[in-house]
A.B. asks: 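Structure provided below as structure tokens; questions to follow.
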Amino acid sequence: MPVKKKQSKAKPAKTSTPSSEGPWAAVLAPRETGEKRYWLVKSEPETFSYDALLALPGKTTQWDGVRNFVARNFMRIGMQKGDRVFFYHSSTNPQAIIGICEVAKEAYPDSTAFDKKHHGYDPKSKPDDPTWFMVDLRAVEKLPRPVTLAEIKATPALANMAMLRIGRLSVTPVSPSEWDTITELSRKPA
DNA sequence: GCCAACGTTGGC
DNA sequence: GCCAACGTTGGC
């Protein structure tokens, strides 16, 4: 008896990117109880540095302005309160992971997308059906020393890091072993 | 400053 | 639905 192959053609939501498929599905999947996940966000230090975050009240900021669906899904579906997040300085010398943050508030609508005067304005994102989301990040501590991109690239255990493989994304997942490798590196002299 | 790698947009 | 044109990111 032939197996009836009924491919249900579920229409993808307009904001798409099915979270149940693709190479990064695991970091969006439901968690074991108490499981903690790890992430990396990029920022140009001239625009917003880790020190600038440390100087803010509560050392906390809204991580707004993300306008890429994959990155959005990492924030909206993947990030949970208490997750740890590497803070990476991009487009600077040297490019490096500088410090650690934590997710202080889970995803909520990115209000900058509703603001006509804001450069992140997106007319397709409506307050009653938002396209874009942000989280709150709170600085936890600087790394003992920055871990540079060159060093990350030179470390075999980090060869599969999402930040290398999907390099231009501003939000990427970090595996627990990658997290440990990087924090250990930062405790050793360069 | 250049350019590779993507993502998005729009004509057909 | 394809693909060329264009914009953005970010390493170098």
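All chains are named by letter (A, B, ...) in the order of the sequence lines, taking the proteins before the strands, and each is independently numbered beginning at 1.
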A.B. asks: Distance check needed: C:dG11 P versus A:Ile97 CD1, whole Å only.
C.D. replies: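 Rounding to the nearest Å, CD1 of A:Ile97 and P of C:dG11 are 12 Å apart.
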A.B. asks: Exactly one of A:Asp110, A:Asp122, A:Thr112 should register a side-chain hydrogen bond (donor to acceptor under 3.5 Å, both in side chains) with A:Trp132. Which one does?
C.D. replies: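 It is A:Asp122, the one option of A:Asp110, A:Asp122, A:Thr112 that forms the side-chain hydrogen bond (donor to acceptor under 3.5 Å, both in side chains) with A:Trp132.
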A.B. asks: To the nearest angstrom, how far is A:Gln95 atom CD from C:dG11 atom P?
C.D. replies: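 Interatomic distance, CD of A:Gln95 to P of C:dG11: 4 Å.
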A.B. asks: With A:Asp51, which residues qualify under side-chain hydrogen bond (donor to acceptor under 3.5 Å, both in side chains), at least two apart?
C.D. replies: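 By the side-chain hydrogen bond (donor to acceptor under 3.5 Å, both in side chains) rule, A:Asp51 matches A:Lys142.
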A.B. asks: Under 3.5 Å, which protein N or O atoms sit close to an N or O of nucleotides 2-6 of chain B? Give each pair with its distance.
C.D. replies:
{"residue": "B:dA4", "atom": "N3", "partner": "A:Arg168", "partner atom": "NH2", "Å": "3.3"}

A.B. asks: Show which side-chain atoms of residues 84-99 of chain A pair as donor or acceptor with protein atoms under 3.5 Å away, not counting sequence neighbours.
C.D. replies:
{"residue": "A:His89", "atom": "NE2", "partner": "A:Tyr50", "partner atom": "N", "Å": "3.1"}

A.B. asks: Please determine, for the side chain of A:Ser90, which listed nucleotide (B:dT8, C:dC12, C:dG10) has the closest atom?
C.D. replies: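 Within the option list, the nearest is C:dG10.
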A.B. asks: Nearest whole angstrom, please: distance from the P of C:dG7 to the OH of A:Tyr121.
C.D. replies: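 For the pair A:Tyr121 OH and C:dG7 P, the rounded distance is 20 Å.
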A.B. asks: Please determine whether a side-chain nitrogen or oxygen atom of A:Lys124 lies at a distance below 4.0 Å from atom OP1 or OP2 of B:dT9.
C.D. replies: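 So the side-chain polar atoms of A:Lys124 do come within 4.0 Å of the phosphate oxygens OP1 or OP2 of B:dT9, strictly under.
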A.B. asks: Could you check how far CG of A:Leu169 sits from P of C:dT9, rounded to whole Å?
C.D. replies: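 After rounding, the gap between these two atoms is 12 Å.
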A.B. asks: To the nearest angstrom, how far is A:Leu40 atom CG from C:dG10 atom C1'?
C.D. replies: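 After rounding, the gap between these two atoms is 14 Å.
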A.B. asks: Does C:dG10 have its OP1 or OP2 closer than 4.0 Å to a side-chain nitrogen or oxygen of A:Lys42?
C.D. replies: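 True: A:Lys42 side-chain N/O within range (under 4.0 Å) of C:dG10 OP1/OP2.
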A.B. asks: Calculate, to the nearest 0.5 Å, the distance between atoms NZ and CH2 belonging to A:Lys36 and A:Trp179 respectively.
C.D. replies: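 Going from NZ on A:Lys36 over to CH2 on A:Trp179, the span is 9.0 Å.
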A.B. asks: For A:Gln62, give me all partners under side-chain hydrogen bond (donor to acceptor under 3.5 Å, both in side chains), at least two apart in sequence or on another chain.
C.D. replies: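 Applying side-chain hydrogen bond (donor to acceptor under 3.5 Å, both in side chains) to A:Gln62 gives A:Tyr108.
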A.B. asks: Whole angstroms only, please: what is the CZ-P distance between A:Arg67 and C:dG7?
C.D. replies: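 Spelled out: CZ on A:Arg67 to P on C:dG7 is 19 Å.
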A.B. asks: Indicate whether OP1 or OP2 belonging to C:dT9 is found under 4.0 Å from a side-chain N or O atom of A:Tyr88.
C.D. replies: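 False: A:Tyr88 side-chain N/O out of range (4.0 Å or more) of C:dT9 OP1/OP2.
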A.B. asks: Rounded to the nearest Å, what distance is computed from the CD atom of residue A:Glu46 to the C1' atom of nucleotide C:dT9?
C.D. replies: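 These atoms are roughly 15 Å apart.
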A.B. asks: Mind listing the side-chain donor-acceptor pairs of residues 169-176 of chain A below 3.5 Å, one per line with the distance, residues two or more places apart or on another chain?
C.D. replies:
{"residue": "A:Ser175", "atom": "OG", "partner": "A:Ser177", "partner atom": "OG", "Å": "3.3"}
{"residue": "A:Ser175", "atom": "OG", "partner": "A:Glu178", "partner atom": "N", "Å": "3.1"}
{"residue": "A:Ser175", "atom": "OG", "partner": "A:Glu178", "partner atom": "OE1", "Å": "3.3"}

A.B. asks: Can you list everything that forms a side-chain hydrogen bond (donor to acceptor under 3.5 Å, both in side chains) with A:Arg165? Sequence neighbours excluded, please.
C.D. replies: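 Listed in chain order: nothing, the list is empty.
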A.B. asks: Separation of A:Ile152 atom CD1 from C:dG11 atom P, in whole Å?
C.D. replies: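 Interatomic distance, CD1 of A:Ile152 to P of C:dG11: 10 Å.
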